[in-house]
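For clarity, every value in this text was computed on a predicted model and none was experimentally measured. Chain naming here is simple, since letters A, B, ... match the order of the sequence lines and numbering starts at 1 in each. What you see below is based on every heavy atom in this structure, not just the backbone, and it leaves out hydrogens, waters and symmetry mates.
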Protein chains: 2
Amino acid sequence: MTAMSEQPPAEQPPARSAGGGRPLRADARRNRARVLAAANEVFAAEGLAVPLDEIARRAGVGAGTVYRHFPTKEALFEAVVADRLEALTTVGREALAGITGGADPGEAFFGYLAVVVADAGSKMDLADALVGAGVDLRQDTLAAAAELRGVLGELLTQAQAAAAVRADVDVADVHAVVGAAVAAERTRPADAQPGRLARIIGDGLRTAQAAAGRAAARTSGNGGESAGN
Amino acid sequence: MTAMSEQPPAEQPPARSAGGGRPLRADARRNRARVLAAANEVFAAEGLAVPLDEIARRAGVGAGTVYRHFPTKEALFEAVVADRLEALTTVGREALAGITGGADPGEAFFGYLAVVVADAGSKMDLADALVGAGVDLRQDTLAAAAELRGVLGELLTQAQAAAAVRADVDVADVHAVVGAAVAAERTRPADAQPGRLARIIGDGLRTAQAAAGRAAARTSGNGGESAGN
DNA sequence: GAATATACGGAACGCTCGCCCCGGTTGTCC
DNA sequence: GGACAACCGGGGCGAGCGTTCCGTATATTC
């Protein structure tokens with residue numbers, strides 16, 4: 001459905017067959033890229049549940065070829081997810097840079113959360129990975145996740161220092177909350193505007209003062225405190 | 001692991017084989033009960049993913065027997081879930097009665113949320129059903145869910161009237177938030193105290209005033225605004 | 001206690017899906 | 001352009017699981 005706007009993940013350096021052999025043959029390199037691209041699409045659209053043959057078919061390749069490049073289905077999945085995580089980490093770093101550049105830490109933090117949730121919302125694989133739906137992460141993916149966690153942690157610290165986020169939560173909490181928001185958005189197909197639930201859930205992280213400020217902004221202009229958000 | 005304290009679902013009237021035949025044979029009735037009990041345990045412990053043979057084995061029964069009583073695995077699953085939902089609905093009604101008896105609507109509402117999340121946390125099947133993990137609910141389950149939704153809606157209305165819950169959320173939002181909280185609790189195995197994340201996420205539903213009051217209560221006594229909750 | 005409908009158990013079936021293998025093809029190097 | 005190795009495709013194997021079938025056992029009825 002959606003998803004197609006992925007640039008090929010930064011073009012690996014002439015691609016050696018993992019471990020240190022000689023450079024890959026031209027067609028092998030091309031096929032590997034095709035598989036990766038197809039996996040990106042299909043995993044994003046269907047999540048981990050999609051059969052591997054489907055990916056092979058979409059890549060115009062035999063199943064055997066997929067297995068020559070990725071030892072197992074999970075390995076392929078993780079390669080895709082790791083890419084996604086790295087992309088998100090980059091975005092996070094930008095947000096962080098924005099703060100040192102003078103941006104509001106609270107807005108940076110919550111904006112970033114929104115980005116992550118939105119991204120995971122349109123990439124079922126990411127959602128699966130975040131919610132932990134029967135997925136055991138391995139080395140490389142874990143590394144990518146750890147890095148993202150690091151950036152998230154820095155953003156969190158900044159936002160807490162600015163009293164925009166309550167002080168009694170840690171990175172793990174935030175991570176769980178993100179997973180929760182993703183899950184929530186997932187249960188509610190299309191009727192509501194996207195991001196709404198994520199915002200509600202994320203509001204639980206705010207300090208009371210921040211929440212009050214926000215509510216005031218929301219209320220000024222109409223009589224009650226309905227609508228808006 | 002847990003789960004065993006379920007009373008047999010109110011003892012169906014001498015159990016007729018759905019549709020209006022003659023009463024079930026004694027052993028049939030007994031086996032049906034066994035299957036249901038085993039399904040309760042196993043689904044609670046493992047979720048929908050558990051193979052049906054396992055349930056049959058635990059019930060001391062052949063697979064064929066299970067299918068004579070429940071046309072499909074999903075039907076059995078739904079029977080179990082519907083029971084759970086009804087139990088939760090009952091608890092909700094009690095909370096509602098408590099309000100008319102003078103209890104604080106906000107506390108009643110959030111207390112009920114905590115109960116639901118805790119229950120779903122220890123019953124993987126409920127969690128699966130709430131999060132919607134590849135489950136298509138059918139008639140009876142839907143009815144039970146609708147009823148629960150009704151009670152939840154009344155509690156919500158009361159809590160909103162008492163200004164404990166922000167006015168711009170509806171039942172569907174609350175339902176989604178519950179699902180989210182369940183998902184969150186699930187991702188984080190055991191390290192933190194249970195219910196913590198659920199509370200954080202639920203806080204997003206509070207009005208600013210209520211949140212402020214809570215934060216004040218949390219802060220009075222120590223210097224910052226850390227710890228507590 | 002015999003007759004009969006009813007229910008039981010578990011082997012068997014069909015299907016899906018991850019993964020491997022082998023005969024053929026294609027890129028690469030001299 | 002020929003020889004050799006690397007790679008490709010897709011059929012096939014085996015495991016897991018939901019569901020069905022049928023010969024046997026058992027409750028019920030008279």
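Taking atom CZ of Arg30(B) as the reference point, atom C1' of dG9(C) lies 14 Å away to the nearest angstrom. Counting to the nearest Å, the C1' atom of dC8(D) and the CZ atom of Arg29(A) are 17 Å from each other. What separates CD of Glu54(B) from C1' of dG16(D) is a distance of 14 Å, to the nearest Å. dG10(C) atom C1' lies 14 Å from atom CZ of Arg57(B), rounded to whole Å. The separation between Ile55(B) atom CD1 and dT19(D) atom P is 11 Å, rounded to whole Å.
Within the 4.5 Å cutoff, the side chain of Glu78(A) has no heavy atoms near those of the Phe70(A) side chain. Contact of the Asp168(A) side chain with the Ile200(B) side chain is not registered, since no non-hydrogen atoms from C-beta on lie closer than 4.5 Å.
Side-chain N/O atoms of Asn31(A) include none lying less than 4.0 angstrom from OP1 or OP2 on dC7(D). Between Tyr67(A) and dC19(C) there is a side-chain polar atom (N or O) within less than 4.0 angstrom of OP1 or OP2. Listed pair Thr72(A) / dC19(C) meets the phosphate criterion, a side-chain N or O lying under 4.0 Å from OP1 or OP2. Close to dA7(C), at under 4.0 Å from its OP1 or OP2, lies no side-chain N or O of His69(B).
Taking every side-chain heavy atom of Lys73(A) into account, dC19(C) is the closest of dT28(C), dT20(D), dC19(C). Among the nucleotides dT26(C), dT28(D), dC19(C), the one closest to any side-chain atom of Arg25(B) is dT28(D).
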List the steps, then state whether side chain to side chain donor-acceptor pair (under 3.5 Å) holds for Arg84(A) with Asn40(A).
-> CA-CA 9 Å; Arg84(A) 298 254 153 85; Asn40(A) 259 292; 2.8 Å; yes

Evaluation steps, side-chain contact (heavy atoms from CB on, under 4.5 Å), between Leu113(B) and Leu155(B) = CA-CA 10 Å; Leu113(B) 284 199; Leu155(B) 278 167; over 6 Å; no

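Annotation for Val169(B) and Arg196(A): closest pair CA-NH2, 4.0 Å, computed over non-hydrogen atoms.
In summary, Asp203(A) and Arg166(B) engage in a salt bridge, as defined by a charged side-chain N under 4.0 Å from a carboxylate O.
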For nucleotides 10-12 of chain D, give me every protein contact, N/O to N/O, under 3.5 Å, one pair per line with atom names.
| from | atom 1 | to | atom 2 | distance (Å) |
| --- | --- | --- | --- | --- |
| dG10(D) | O6 | Gly64(A) | N | 3.2 |

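Sequence order on DNA chain C of the closest nucleotides to Ala28(B) and Asp27(A) puts Ala28(B) first from the 5' end.
For Phe43(B), the ring-ring contact (aromatic ring centres under 6.0 Å, His included) partners at least two apart in sequence or on another chain are Phe77(B).
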